[in-house]
Each structure stands twice: as C-alpha cells, then as structure tokens.
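Shown next, in structure tokens, is the structure this report addresses.
Sequential numbering from 1 along the given sequence is applied to the chain's residues. Computed over heavy atoms, backbone and side chain alike; hydrogens, waters and symmetry mates excluded. Everything numeric here is computed off the predicted structure, so don't read it as measured data.
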Amino acid sequence: GNKWAITYTPYNADGTCKSAASVDADIAVIKGKGFTSVRLYSTDCSGLVNAGNAAKAHGLKIIVGVWLDGAGVAAAKAQVDVVVGWGPGNWDNVEMVVVGNEAIFSGHIDAGGLAQLVIDARASLRAAGYSGPVTTTETVANVQANAGVLCSAIDVVGANIHPYFNGAIAAAGAGVFVKSQLDSLANVCPGKQAYNLETGWPNGGNANGDAIAGWAEQKLAIASISLVVGAQSTFFSFENDMWKAPGSLGVEQHWGCADLF
C-alpha cells in the first residue's frame, strides 16, 4: 500500500505524559488509518510499555527510538538498557531500532561516536534476543558525508527527508523530491535497504522560499508523498506538537497529519 509508518510522541499539548488509555486510543486511530507501523523517538513517558502494548493489541509494529541529545551518550545508553529490559516477549513487534535522530546534524555527536553507539546498542540488543535491524537517521547529506564511518555500523540506511526545508520545493512536488532523495540514499551503503524515517509538510508557520506552510499545502504534499513513496516513508507526525517551541520558521508545532489519511 501507500502507507507504512507514522511518528508518535506520547505527550499532551502541555508536554506532560499521556495516560496509557490515551496512548491506546491514539494507536487505535493509527491502525484505523491503515498504517502498519508506528515510530517512537525515545523511551520516556513509559512509551515502550504503553505504545508497545497498544501496538500489539491493535496489530501494529513498533519502530523503537533511542534519543540522543545534549545529555550525551550515557543518557542514550540508559535508554538502550530500557529497551533491552522491555524487549523479551516484545521483539516480534519491533520492526527496527533507530539510535539517534539527526544527532550529528544537531551537533550532539560526531559520526565516529554515533557509529560506536549504534554498534554498542546492537551488541546489547542481540544479547537480549533482538535480531532485527539497528540503524540511525540523519539528513541525507549527513549520511552521504559520513558514509565511510556509518555504513559499516548500520544494518539499514535511514534518513529524514523533508521537502519543506529545501526551500525550492513546492507542496505539489514533495513526492518527486522525496523519491529522488530516497534513491540517492539507497546508493550510499550498497546492499543495504534505504528507509525514509521522517517526512511530511507543516500545516502552519512561515513560508520557506517556495515551500508554503498551510493546511491546503500539507494536504497536497502528503498526498504526493503517499502516492510516490508512501510504502517506504514514515510520516511526521500523528498530531500537532504544541509542546514544542515554534522554531525559527514557526513550523515546529504544526506537522500533525493523521487526519489526512
């Protein structure tokens, strides 16, 4: 089909953690929209337990995330430990584990450090019985620039592909742009499957050159991406993230797109 996964964060609008019942209701909606997987970014807010239980109940796979930010590698490794503790009995529902989300791009780690973190995480996960893919995700440019270091560490190649941030892509061309970037990504680490682990279009905020943020534009862009590469893409995000800061372009809160499916 034209839908693979959608990102999900278990936070209320004020940044507090959603209840298990609320998470279950959200996951039920995701299942009803026709997605087969849901991507988490971290292990906080009992996300693995609540979203994991809900996903299992509703027949969805989980893309497990390990968050890496200014708190450093030790904090990320603590999350790996959480995944390892949760995993037995749940591994069949895990589609892949993604260690870091644009961590190089954000300046939190260099490529060598990230590669080692992925390698260490895989060793811990394998010892706990997980046999699926372990990877990271960056911008396509960062994966390309660091291929010599990252390719040997990852099992599949992941990138976040956002046409809005290109600035030269209008909403109608989103799908073609994402496909071209995904095709480039597939050539970075020969023999390793490429995945678009975060993509979408903002429904509010400022224009970025030819990229106009708005509800109509989001609907057009999401339809375009779904048609061209939906089966290989993780859509961002389930709902608007009002707990975030607006960001320099005023769009960070406005990526919720589940209603369009």
Sub-4.5 Å side-chain heavy-atom contact between [X] and [Y]:
| X | Y | result |
| --- | --- | --- |
| Asp155 | Thr135 | no |
| Asp44 | Trp67 | no |
| Lys77 | Leu117 | yes |
| Arg39 | Glu198 | yes |
| Ser224 | Trp201 | no |
| Val84 | Leu125 | yes |
| Asn50 | Ser19 | no |
| Phe235 | Thr7 | no |

Nearest heavy-atom neighbours spanning [X] and [Y]:
| X | Y | result |
| --- | --- | --- |
| Ala174 | Ile225 | CB-CG1, 3.8 Å |
| Ala213 | Val251 | CB-CG1, 4.2 Å |
| Ile222 | Gly200 | CD1-CA, 3.9 Å |

With no hydrogens and no angle check, is any side-chain donor or acceptor of [X] less than 3.5 Å from a backbone partner on [Y]?
| X | Y | value |
| --- | --- | --- |
| Asn206 | Leu249 | yes |
| Asp24 | Ala20 | no |
| Lys56 | Asn90 | no |
| Gln218 | Gly256 | yes |
| Ser184 | Ser180 | yes |

Can you list everything that forms a side chain to side chain contact (heavy atoms under 4.5 Å, CB included) with Gln253? Sequence neighbours excluded, please.
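If we apply the side chain to side chain contact (heavy atoms under 4.5 Å, CB included) test to Gln253, skipping adjacent residues, the hits are Met242, Lys244, Pro246.
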With Glu102, the side chain to side chain contact (heavy atoms under 4.5 Å, CB included) member among Asn160, Thr137, Leu197:
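Between Glu102 and the candidates, side chain to side chain contact (heavy atoms under 4.5 Å, CB included) is satisfied uniquely by Asn160.
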Quick check on Asp14: does its CG atom have over 12 non-hydrogen neighbours (other residues, nucleotides or ligands) under 6.0 Å away?
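Atom CG in Asp14 is crowded, with more than 12 foreign heavy atoms closer than 6.0 Å.
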Value rounded to 0.5 Å, distance of [atom1] in [X] from [atom2] in [Y]:
| X | Y | atom1 | atom2 | value |
| --- | --- | --- | --- | --- |
| Cys189 | Gln144 | SG | CD | 10.0 Å |
| Ser124 | Asp81 | OG | CG | 6.5 Å |
| Asp26 | Tyr8 | CG | OH | 3.5 Å |
| His58 | Lys31 | NE2 | NZ | 10.0 Å |
| Phe35 | Ile27 | CZ | CD1 | 11.5 Å |
| Leu114 | Ile119 | CG | CD1 | 10.0 Å |

Parallel, tilted or perpendicular: which one describes the rings of [X] and [Y], with boundaries at 30° and 60°?
| X | Y | result |
| --- | --- | --- |
| Phe236 | Trp255 | tilted |
| Trp91 | Tyr130 | tilted |
| Tyr195 | Trp4 | tilted |

Does any donor atom in the side chain of Ser226 or Asn2 lie under 3.5 Å from an acceptor atom in the other side chain?
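No, because no side-chain N or O of Ser226 sits under 3.5 Å from a partner of the opposite role on Asn2.
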Just do the salt bridge (Lys or Arg N to Asp or Glu O under 4.0 Å) check on Lys179 and Asp183 with the steps written out, would you?
CA-CA 6 Å; Lys179 184 180 187 303; Asp183 288 346; 2.9 Å; yes
Please test Phe238 against Val29 for side-chain contact (heavy atoms from CB on, under 4.5 Å), starting from the C-alpha separation and ending with a verdict.
CA-CA 9 Å; Phe238 173 68; Val29 170; 3.9 Å; yes
